[in-house]
Amino acid sequence: MCRFTQRSSTLSVPKICNIFWRFHHASPSHLCSCSKTVSNEKYQDPFQLGRKDLKNLYEDIKKELLVSTAELKEMCDYYFDGKGKAFRPMIVVLMARACNIHHNNSREVQASQRSVAIIAEMIHTASLVHDDVIDDANSRRGKMTVNQIWGERKAVLAGDFILSAASVALARIGNTTIISVLTQVIEDLVRGEFLQLGSKENENERFAHYLEKTFKKTASLIANSCKAVSILGCPDPKVHEIAYQYGKNVGIAFQLIDDVLDFTSCADRLGKPTAADLKLGLATGPVLFACRQFPEMNAMIMRRFSKPGDVERARKYVLQSDGVQQTTYLAQRYCHEATREISKLRPSPEREALIQLTEMVLMRDK
């Protein structure tokens, strides 16, 4: 896979396009699976290994959200109910341990590193609340969205409040470098949302646009959170880049698989409606790959599937094409790159768990 040689907060559009063309024209036999690169060391369950550091995670988040208004508290508690997988905080604490061990063999997560995990989950949740308002979503994680229960205006304010509380927690860390790294996430989230509102006519530009949007909306949070804990635990800039690249590649792969599941999983399993992206007018990886086999999809993409029957026809074309398979192959390559990066760190149970996590991203079904 091509390495992005620009500064780590940006993506190289030409290289993204090259990735697209290389993978589109590659045969399955030439596309490596992550399983070939996983270490032979004993299997490490990431969730089991990270459980100690994530104990009372949601209780600690609620402490950050001290509010006098009962309704606002109820809205915040609604999402932070402790029933989520805590996928992002788990990656962050595992990365913190892996970097600490690499630097000085310390097996403890610093308080400031755990704070980054809390902040990452708060920023993520605030973005979900706002996304649901923008998309007028009805369900999230198998239950009704905040905007459906309390209305759009109050949902926007709840998202703003969670984001402001995350900012206060970030300032409390007292490290200007960490503040700079994590505020980049918030900027990327907004820019990613604007990218999602637009589209490109040129096929190469369209896929680059999609991957850049995917990075900013999903991967930037994971990449920069991993970078932040690496900075707190190790002074070596090379380790910071390893952490960032791992998070970036895992984050993009996670979203690619999410886009695949929008076509292959049932609504009950996902906890949200299927074909949701098409209904929102969004052309994700499976659609863009399918368009190569069914050029008539171009017109539907440009009008954002707005005509009657567009969503059904587009979904049919995707399932008849190799769009799902090609998107999955692309996710495999990003996971392969994540594994290659994290393997540069000193061996540890946490490093192995992060490697195992790349497999879990590819195998998930919700």
Side-chain angles (χ1 to χ4, degrees), residues 57-59 61-62 64-65 67 69-90 118-167 185-186 188-197 213-214 216-222 251 254-255 257-284 304-306 311 315 364-366:
L57 173 77
Y58 290 103
E59 287 79 1
I61 288 176
K62 289 175 184 177
E64 299 288 348
L65 298 168
V67 287
T69 306
E71 189 175 35
L72 183 56
K73 181 180 185 302
E74 188 180 0
M75 293 168 73
C76 293
D77 289 349
Y78 185 74
Y79 263 130
F80 295 114
D81 59 5
K83 295 179 181 178
K85 297 186 294 294
F87 176 75
R88 288 154 188 83
M90 187 261 299
I118 290 173
I119 292 163
E121 185 69 359
M122 293 173 74
I123 293 174
H124 171 61
T125 302
S127 73
L128 294 184
V129 175
H130 285 159
D131 276 357
D132 288 342
V133 172
I134 292 169
D135 300 340
D136 193 25
N138 296 314
S139 61
R140 167 80 69 177
R141 295 174 177 171
K143 60 184 184 180
M144 290 179 69
T145 55
V146 167
N147 47 292
Q148 290 297 316
I149 299 173
W150 285 278
E152 290 186 356
R153 292 183 180 182
K154 290 180 179 179
V156 170
L157 293 173
D160 289 346
F161 177 73
I162 295 169
L163 201 55
S164 67
S167 299
V185 173
I186 300 173
D188 285 343
L189 283 168
V190 176
R191 289 184 181 275
E193 198 62 53
F194 271 99
L195 284 170
Q196 183 163 286
L197 294 173
K213 180 268 295 183
T214 297
K216 290 186 182 302
K217 284 202 65 177
T218 303
S220 174
L221 174 61
I222 301 173
F254 184 93
Q255 186 58 51
I257 295 300
D258 206 60
D259 294 342
V260 164
L261 292 174
D262 197 42
F263 289 95
T264 62
S265 188
C266 65
D268 289 343
R269 194 75 181 143
L270 277 181
K272 57 184 178 181
T274 55
D277 292 327
L278 287 176
K279 293 169 186 173
L280 291 170
L282 305 178
T284 57
R304 299 179 74 88
F305 313 103
S306 59
V311 170
R315 188 171 191 276
R364 71 190 185 95
D365 58 2
K366 63 178 181 178

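Small disclaimer: the values here were computed from a predicted structure and weren't measured.
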Any non-hydrogen side-chain atom of [X] less than 4.5 Å from a side-chain atom of [Y]?
| X | Y | value |
| --- | --- | --- |
| W150 | M144 | no |
| D132 | V146 | no |
| D259 | D262 | no |
| F263 | L278 | yes |
| R364 | L261 | yes |

Which pair of non-hydrogen atoms, one from [X] and one from [Y], has the smallest distance, and what is that distance?
| X | Y | value |
| --- | --- | --- |
| C76 | F161 | SG-CD2, 3.9 Å |
| K217 | D131 | NZ-OD2, 3.5 Å |
| L65 | I162 | CD2-CA, 4.0 Å |
| N147 | A137 | ND2-O, 3.1 Å |
| Y78 | K143 | O-NZ, 2.6 Å |
| K62 | F80 | CE-O, 2.9 Å |

Residue among T218, I222, V185, L221 satisfying side chain to side chain contact (heavy atoms under 4.5 Å, CB included) with H124:
L221

Surrounding NZ of K73 (heavy atoms of other residues, nucleotides or ligands, distance under 6.0 Å), is the total greater than 12?
no

When you look at CZ of R304, are more than 12 heavy atoms from neighbouring residues, nucleotides or ligands closer to it than 6.0 Å?
yes

Exercise: do N138 and Q148 side chains pair donor with acceptor under 3.5 Å:
yes

For the [atom1] atom of [X] and the [atom2] atom of [Y], what is their distance to the nearest 0.5 Å?
| X | Y | atom1 | atom2 | answer |
| --- | --- | --- | --- | --- |
| D77 | I61 | CG | CD1 | 11.0 Å |
| L282 | Q196 | CG | CD | 4.5 Å |
| E64 | I119 | CD | CD1 | 7.5 Å |
| K213 | T284 | NZ | OG1 | 7.0 Å |
| T214 | D258 | OG1 | CG | 10.0 Å |
| L163 | L189 | CG | CG | 8.5 Å |

Between T145 (side chain) and R140 (backbone), is there a donor-acceptor pair under 3.5 Å?
no

With a 3.5 Å distance limit and no angle check, can you tell me whether T125 reaches the backbone of M122 through a side-chain donor-acceptor pair?
no

Would you mind listing every ring-ring contact (aromatic ring centres under 6.0 Å, His included) that reaches into residues 126-149, with sequence neighbours excluded?
none

Residues passing the side-chain hydrogen bond (donor to acceptor under 3.5 Å, both in side chains) test with S220, sequence neighbours excluded, are D188, N224

Decide whether a cation-pi geometry holds between R315 and F305; the criteria are a distance under 6.0 Å from NZ or CZ to the six-membered ring centre and an angle within 45° of the ring axis.
no

